[in-house]
Structure formats: C-alpha cells, structure tokens
Engineer: 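Submitted below is the structure of interest, expressed as structure tokens.
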Amino acid sequence: MMQMVQMQPIDILRSATLKAGQHLNIPLLGTLQPGAPADIIAVEGNPTHAFKILEYPDLVISGGEIVVNNF
C-alpha cells in the first residue's frame with residue numbers, strides 16, 4: 001500500500017489517527033491532549049518499521065482504564 005500511494009510509514013499512521021479525526025470533523029480525535037476522545041495503545045518497537053506490531057499492543061488504555069498491560 002505504501003508503494004502504491006507513495007507515503008512514508010509515519011504519514012500512514014497519521015492518516016489513520018490525526019487526519020481521520022480532521023476528516024470526520026472531530027479535531028481532537030487521534031491526538032494526545034486533554035479532552036481528546038482517544039484510547040491509547042503502546043507497543044515495544046517502532047511501528048514505522050513493522051506495522052504488524054500494532055496488532056498485538058503491549059499496553060491498551062480505554063476510557064481511562066488499563067485494559068492490557070504486558071510491560
């Protein structure tokens with residue numbers, strides 16, 4: 001997909017988060033700041049090198065509660 005659209009990995013991640021919120025007219029969606037309607041995931045490693053690690057997050061925070069914590 002990256003080769004087809006000529007995008008860098010970081011730009012693809014932004015498209016799935018920050019830019020999605022902008023397109024949906026929810027400006028804080030996809031951002032990490034007070035009042036943002038966001039869940040958070042964390043992974044070990046750099047997802048721009050391997051998107052696959054995003055499928056198995058090591059930390060998931062949803063609604064302010066830790067749902068998964070493998071750290």
Side-chain angles (χ1 to χ4, degrees):
M1 232 13 216
M2 286 187 315
Q3 293 168 342
M4 288 178 59
V5 295
Q6 299 294 309
M7 291 175 71
Q8 296 297 316
I10 191 67
D11 295 321
I12 291 172
L13 291 173
R14 285 185 184 128
S15 292
T17 56
L18 174 63
K19 294 199 185 279
Q22 292 170 346
H23 288 292
L24 293 170
N25 203 26
I26 307 171
L28 294 179
L29 185 66
T31 66
L32 292 176
Q33 56 185 319
D39 295 335
I40 299 170
I41 69 165
V43 295
E44 282 194 50
N46 186 340
T48 63
H49 294 147
F51 288 139
K52 187 78 172 167
I53 64 173
L54 294 172
E55 293 180 22
Y56 305 99
D58 296 294
L59 177 69
V60 178
I61 301 174
S62 181
E65 300 291 324
I66 296 176
V67 178
V68 173
N69 186 353
N70 295 324
F71 283 111

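For this chain, numbers begin at 1 and follow the sequence in order. None of these values were measured; they are calculated from a predicted model.
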Engineer: Looking at Asn25, I'd like to know if its CG atom is crowded, meaning that more than 12 non-hydrogen atoms belonging to other residues, nucleotides or ligands lie closer than 6.0 Å.
Structural biologist: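 Not more than 12 within 6.0 Å, no.
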
Engineer: Quick check for you: to the nearest 0.5 Å, what is the distance between Ile53 atom CD1 and Glu55 atom CD?
Structural biologist: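 Answer rounded to 0.5 Å: 10.5 Å.
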
Engineer: What distance separates Leu24 CG from Lys19 NZ, expressed to the nearest 0.5 Å?
Structural biologist: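 Here the rounded value is 13.5 Å.
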
Engineer: Any idea which heavy atoms bring Leu28 and Gly35 closest together, and the distance?
Structural biologist: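 So the two residues come closest at CD1-O, 3.7 Å.
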
Engineer: Rounded at 0.5 Å granularity, tell me how far CD1 in Ile12 sits from CE in Met7.
Structural biologist: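 That separation rounds to 5.5 Å.
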
Engineer: Quick check for you: to the nearest 0.5 Å, what is the distance between Ile41 atom CD1 and Leu54 atom CG?
Structural biologist: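 Between atom CD1 of Ile41 and atom CG of Leu54 there are 5.0 Å.
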
Engineer: Sequence neighbours excluded, which residues qualify as side chain to side chain contact (heavy atoms under 4.5 Å, CB included) partners of Leu59?
Structural biologist: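 Checked Leu59 against side chain to side chain contact (heavy atoms under 4.5 Å, CB included); matches are Ala42, Ile61, Ile66, Asn69, Phe71.
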
Engineer: Does Ile40 share a hydrophobic cluster with Phe51, counting links as ILVMFWY side-chain heavy atoms below 4.5 Å and allowing steps through other members?
Structural biologist: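 Different hydrophobic clusters.
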
Engineer: Which residues pass the side chain to side chain contact (heavy atoms under 4.5 Å, CB included) test with Glu65, sequence neighbours left out?
Structural biologist: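 Partners of Glu65 by the side chain to side chain contact (heavy atoms under 4.5 Å, CB included) criterion come out as none, since no residue qualifies.
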
Engineer: To the nearest 0.5 angstrom, please state how far the CD atom of Gln6 sits from the CG atom of Asp11.
Structural biologist: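 So the gap between those two atoms works out to 12.0 Å.
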
Engineer: Looking at Asn70 and Pro57, what are the two nearest heavy atoms and their distance?
Structural biologist: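 Where Asn70 meets Pro57 most closely, the heavy atoms are ND2-O, 4.0 Å.
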
Engineer: Please tell me whether Leu18 and Ile26 are part of a single hydrophobic cluster in this structure, the criterion being side-chain heavy atoms less than 4.5 Å apart.
Structural biologist: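 In one cluster with Leu18: Ile26, no.
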
Engineer: Rounded to the nearest 0.5 Å, what separates atom OG1 in Thr31 from atom CG in Leu29?
Structural biologist: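 One finds 7.5 Å between OG1 of Thr31 and CG of Leu29.
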
